[in-house]
Amino acid sequence: MSASSAKPFELCGQTIKPGSRALIEMPAAQLYTNTPLHIPVHVVHGRQPGPVLLVCAAIHGDELNGVEIIRRLLQFQQLKRLKGTLVAVPVVNVFGFIHKSRYLPDRRDLNRCFPGSEAGSLGSRMAWLFKTEILDNCSHAIDLHTGAINRGNLPQVRANLASDATAEMAHAFGVPVVMNSVLREGTFREVAEEQEVPVITYEAGEALRFEEASIRIGVRGVLNVMRHLKMLPAKRSSSVREPTVAQSSQWVRADKDGSFRPLVGLGARVRRGQSLGFISSPFADDDGIEVIAPCSGILVGRNHLPLVNEGEALFHIARFEEVREVAEHLEEFTSNILEDGPVVDGEPPIVS
Ligand SMILES: [Zn+2]
């Protein structure tokens with residue numbers, strides 16, 4: 001036995017003994033049908049002390065890959081050897097989750113309501129509850145997101161790299177693409193950083209979908225961060241290749257309304273001036289207009305809906321100095337993940 005053993009962990013008025021697990025039903029609100037609404041919070045408390053890592057998903061209620069990432073994560077046998085504490089919240093915005101919606105019933109975006117307040121709007125109160133009951137008890141955080149409805153994101157980490165501890169977590173996660181992103185007001189990420197909790201966002205796939213590769217990359221990423229924080233034993237052969245950081249990115253928008261025929265997929269390397277797709281009238285027999293890449297880079301986001309209005313975002317291009325290296329890294333990384341990505345024993349993969 002190690003000399004130091006962990007103290008009991010207190011959360012939401014409950015006490016979790018070292019070396020045990022708990023599922024806490026945190027009271028969140030009451031529906032107008034008198035039905036109480038809870039936010040389920042999993043706690044895995046290690047025998048030995050260490051960081052308290054919060055992993056949360058579905059702050060946007062329709063972003064589902066993270067919900068599945070957490071379900072799988074909690075089944076990993078390695079957690080028996082955990083040092084410190086894992087606090088996992090599969091669904092933060094339970095209202096939105098029920099309605100398959102990004103938003104709250106008052107149409108607010110919960111991820112613009114932080115830090116919130118006790119007597120504010122519905123969103124403000126939920127944000128405040130989550131901050132004070134959960135975040136304030138954690139030392140590190142990973143927030144899991146996807147693109148919006150019909151918009152796919154290449155698996156990527158977004159983080160404020162100006163903070164050293166955050167930058168280290170972003171690198172440890174182990175995806176090829178890291179986006180240095182400023183902190184938006186009212187976001188969970190902003191409030192966490194403000195109270196010096198290093199926090200990264202993992203973005204992968206699109207809303208209302210499960211995507212196997214995005215899920216596996218996410219599970220592996222969280223486990224990698226836990227190893228980096230010494231919450232789990234290091235791998236014997238740690239061959240995590242360093243990610244490349246994009247300092248800027250650019251949206252390509254539709255110059256006209258019509259039906260949209262994309263020519264490049266997520267992860268593609270694009271060159272400035274390259275044709276990325278066409279927009280034409282669904283009723284005319286011409287080719288329509290070409291969508292041209294305004295810069296070189298890697299495609300990190302894409303609209304999957306073939307009907308577009310002028311001004312709508314079609315492509316998101318991340319800019320790098322070393323575009324070719326990133327493209328090669330991505331190709332290798334993507335082909336490996338479906339072969340040797342982490343899986344829960346006995347569970348077949350989700351097929352899209
Ligand atoms: Zn989101």
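The figures that follow rest on heavy atoms only: side chains count, while hydrogens, waters and symmetry mates do not.
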**OP:** Given side-chain contact (heavy atoms from CB on, under 4.5 Å), test N111 with H60 step by step and report yes or no.
**Re:** CA-CA 7 Å; N111 207 26; H60 293 133; 3.6 Å; yes

Between [X] and [Y] (side chain of the first, backbone of the second, donor and acceptor by atom type, cut-off under 3.5 Å), is there such a pair?
X	Y	result
N303	A313	yes
D106	R108	yes
N34	Q30	no
R125	G120	yes
E190	G186	yes
D143	A57	no
S296	R272	yes
T132	W128	yes
E63	T146	yes
N93	G96	yes

**OP:** Could you check V89 against V55 for side-chain contact (heavy atoms from CB on, under 4.5 Å), going step by step and ending with a plain yes or no?
**Re:** CA-CA 6 Å; V89 186; V55 182; over 6 Å; no

Enter the distance from [X]:[atom1] to [Y]:[atom2] here, rounded to the nearest 0.5 Å.
X	Y	atom1	atom2	value
I39	M26	CD1	CE	4.0 Å
I59	D109	CD1	CG	9.0 Å
L276	L314	CG	CG	9.0 Å
N309	K256	CG	NZ	11.5 Å

[X] to [Y] - nearest heavy-atom pair and separation:
X	Y	answer
I292	S275	CD1-CA, 4.3 Å
A170	A159	CB-CB, 4.0 Å
V52	N137	CG1-O, 3.4 Å
F210	I350	CD1-CD1, 3.7 Å
L263	F278	CD1-CE1, 3.8 Å
R271	A293	O-CB, 3.4 Å

Exceeds 12 heavy-atom contacts within 6.0 angstrom, atom [atom1] of [X]:
X	atom1	value
K83	NZ	no
E322	CD	yes
E331	CD	no
F97	CZ	no
E242	CD	yes
N336	CG	yes
R112	CZ	yes
E196	CD	no

**OP:** Begin with the C-alpha distance, continue with both residues' side-chain angles, and end with the deciding distance and a verdict on ring pair (Phe, Tyr, Trp, His ring centres under 6.0 Å) for F173 and Y202.
**Re:** CA-CA 9 Å; F173 197 92; Y202 172 62; 4.9 Å; yes

Tell me, do [X] and [Y] make a side-chain contact under 4.5 Å, heavy atoms counted?
X	Y	result
N65	L144	no
V326	E328	no
N150	E206	yes
L299	H316	no
L122	F95	yes
E203	T201	yes
L82	M226	yes
V270	V323	no

Original post:
So F130 and F188, would you call those rings parallel, tilted or perpendicular, with 30° and 60° as cut-offs?
Top reply: tilted

With the 4.5 Å side-chain cut-off for hydrophobic clustering, are [X] and [Y] part of the same group?
X	Y	answer
V199	L54	yes
I298	L161	no
V91	V222	yes
V219	L229	yes
I98	V41	yes

Subject >> side chain to side chain donor-acceptor pair (under 3.5 Å) pairs, two or more places apart, involving residues 220-233 >> reply: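 Listed once each, the pairs are N224-R227.
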
**OP:** Give the C-alpha distance, both sets of side-chain angles, the deciding distance and a yes or no for salt bridge (charged side-chain N to carboxylate O under 4.0 Å, His left out) between E193 and R189.
**Re:** CA-CA 6 Å; E193 286 263 340; R189 208 150 64 82; 5.9 Å; no

Original post:
Yes or no on side-chain contact (heavy atoms from CB on, under 4.5 Å) for R47 and S5, after CA distance, side-chain angles and deciding distance?
Top reply: CA-CA 6 Å; R47 285 178 207 286; S5 55; 5.9 Å; no

Subject >> side-chain hydrogen bond (donor to acceptor under 3.5 Å, both in side chains) assessment of Q250 paired with R319 >> reply: CA-CA 8 Å; Q250 191 168 344; R319 306 172 77 156; 3.3 Å; yes

**OP:** Compute whether any side-chain donor of one residue and acceptor of the other, for S124 and S121, lie under 3.5 angstrom apart.
**Re:** no

**OP:** May I have the step-by-step check of salt bridge (charged side-chain N to carboxylate O under 4.0 Å, His left out) for E332 and R241, ending in yes or no?
**Re:** CA-CA 11 Å; E332 184 194 316; R241 192 167 152 184; 3.2 Å; yes

Original post:
Salt bridge check: are E347 and R71 linked by an N-O gap of less than 4.0 Å?
Top reply: yes

**OP:** Please lay out, stage by stage, how E312 and D257 fare under the test side-chain contact (heavy atoms from CB on, under 4.5 Å).
**Re:** CA-CA 9 Å; E312 249 185 282; D257 318 284; over 6 Å; no

Original post:
Can you list the residues that meet the salt bridge (Lys or Arg N to Asp or Glu O under 4.0 Å) rule with R216, with sequence neighbours excluded?
Top reply: E212

